[in-house]
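To keep things clear, I will list the structure first and then write my remarks on it.
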Amino acid sequence: MTERVAATPGLYPLPDRAKETLSDLKGHQKGDLLSGDESEAIVAAYDEVRAEYVDDQLDAGLDLISEGQGRWDDMIAHPLTVSDAVETGGIVRYYDNNNFYRDPRVVDDLDFSGDVAGELEKATDLLADADGVDDASLAATLPGPYSLADLATDEHRGDEADFQAAIAEFLAGEVEAFPDHETLFLLEPSLVTNPPAEGEEAGATDAISTVADATDADVVVQTFYGALGEKLYAHLVDEAGADALGLDLVAGDRDDTVYNVQEFGSTDSLSLGLVDGQNTLVEEPETIAERVEWFESQIPLEGFDRTYLTPNTELFYLPTNKYRAKLNALADAAEVLD
């Protein structure tokens, strides 16, 4: 029987109160964004945000608890923008939406940072101190190596494949320092928006496998913004070393996603993007459950080890009240399916 798990990779919206506090503490210019050496006051402000995120997920009843990534000013580029081997470039649009990040220009060998591990240690402490968390476990989140290399600028290695491999090794080193976690989400939107050229798919899957091999946790390669190309999908299933692929069932080309699974099989588990991370309309739990059942009815298999019920993108696009409502809807949908 398939286990249904309500979860999100994180990247949540900052609460309005925290936005005001952090704006006053950090300033308003590009150079005032997070650099990894923030003051005690800024650290304390983000600690409050993290605690709020954890409470939101526990209150909703999610099965996996994310740290929330409130400190990630630069979305999934964050692990590079706080690295000493990276210089800050200009402002770049984050995929096709109205959010922007600082171009991380890699100018030297990437060394261990420990920044994300530190965030997860604090989330672990919050879970240890919380009431009623017997059925909740920690989920870690990182950018996938293909997307992180795609978002960054290489000014050091001069070879695309070598750069991607170096990013993968850097991320693997970060993962090795993580506290115990049940699941690792690797965010890979670029696999859809800017996929590797034909014949170069193995480089992307090798990079993902390098990171996946660094943890004993279940690894979810979370794609979004649409369907994967057929050949790339097949490579990911066979070569990436992931326990689950994340598939966007909200985007209009969902039939292509279903076809990929029908034609090329799947990983043992799947992560389904079931609620719209960029739309304030809150889906009913019954609607989400129907989407899961519809998808599973299209697949000629006995079932998956686990189905993750997730948003189809990060939730930071949403107002705080809507993001919380989507958490509740996902958790309630898992209950409906039970």
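Since we're looking at a predicted model, the values are computed, not measured.
Using modelled atom types, no side-chain atom of Asp115 and backbone atom of Val82 make a donor-acceptor pair closer than 3.5 Å. No donor-acceptor pair closer than 3.5 Å links the side chain of Thr210 to the backbone N or O of Glu169. Within the 3.5 Å criterion, the main-chain N or O of Ala77 finds no donor-acceptor partner in the side chain of Asp74. Under the 3.5 Å distance criterion, the side-chain polar atoms of Gln262 are matched with a main-chain donor or acceptor of Gln298. Ser209 contributes no side-chain N or O that, together with a main-chain N or O of Thr205, makes up a donor-acceptor pair within less than 3.5 Å. At distances below 3.5 Å, at least one donor-acceptor pair connects side-chain atoms of Asn312 with backbone N or O atoms of Gly277. The backbone N or O of Thr307 lies less than 3.5 Å from no partner atom in the side chain of Thr2, so there is not a single donor-acceptor pair. Checked by atom type and distance alone, the side chain of Asp253 pairs as donor or acceptor with a backbone atom of Ala227 at under 3.5 Å.
Residue pairs meeting the ring pair (Phe, Tyr, Trp, His ring centres under 6.0 Å) criterion with at least one partner in residues 227-274, sequence neighbours excluded, are absent. Applying the salt bridge (Lys or Arg N to Asp or Glu O under 4.0 Å) test to every pair with at least one member in residues 174-189, sequence neighbours left out, gives these pairs: Glu182-Arg306.
Using a 3.5 Å distance cut-off with no hydrogens or angles, the side chains of Trp72 and Glu119 do pair a donor with an acceptor.
Asp216 CG: 12 or fewer foreign heavy atoms inside a 6.0 Å radius. Residue-environment remark: CD (Glu263) exceeds the threshold of 12 foreign heavy atoms within 6.0 Å. Asp305 CG: more than 12 foreign heavy atoms inside a 6.0 Å radius.
Asp56 pairs by the salt bridge (charged side-chain N to carboxylate O under 4.0 Å, His left out) definition with Arg324, not counting sequence neighbours.
Note: Tyr94 and Tyr101 have perpendicular aromatic rings, judged against thresholds of 30 and 60 degrees for the angle between ring planes.
Val116 is connected to Leu127 through a chain of hydrophobic side-chain contacts under 4.5 Å among Ile, Leu, Val, Met, Phe, Trp and Tyr, so both are in one cluster.
Of the options Tyr317, Phe316, Tyr53, a side chain to side chain contact (heavy atoms under 4.5 Å, CB included) to Tyr323 is made by Tyr53 and by none of the others.
Here the closest heavy-atom approach between residue Ala7 and residue Phe185 is recorded as CB-CZ, 4.2 Å. Taking all atoms of both residues into account, the shortest heavy-atom contact from Pro79 to Leu142 is CG-CD2, 4.2 Å.
Between Lys122 and Asp47, at least one side-chain nitrogen of the basic residue sits less than 4.0 Å from a carboxylate oxygen of the acidic one, meeting the salt-bridge criterion. Residues Glu48 and Arg17 are not paired through a salt bridge, judged by the lack of any N-O separation under 4.0 Å between the basic side chain and the carboxylate.
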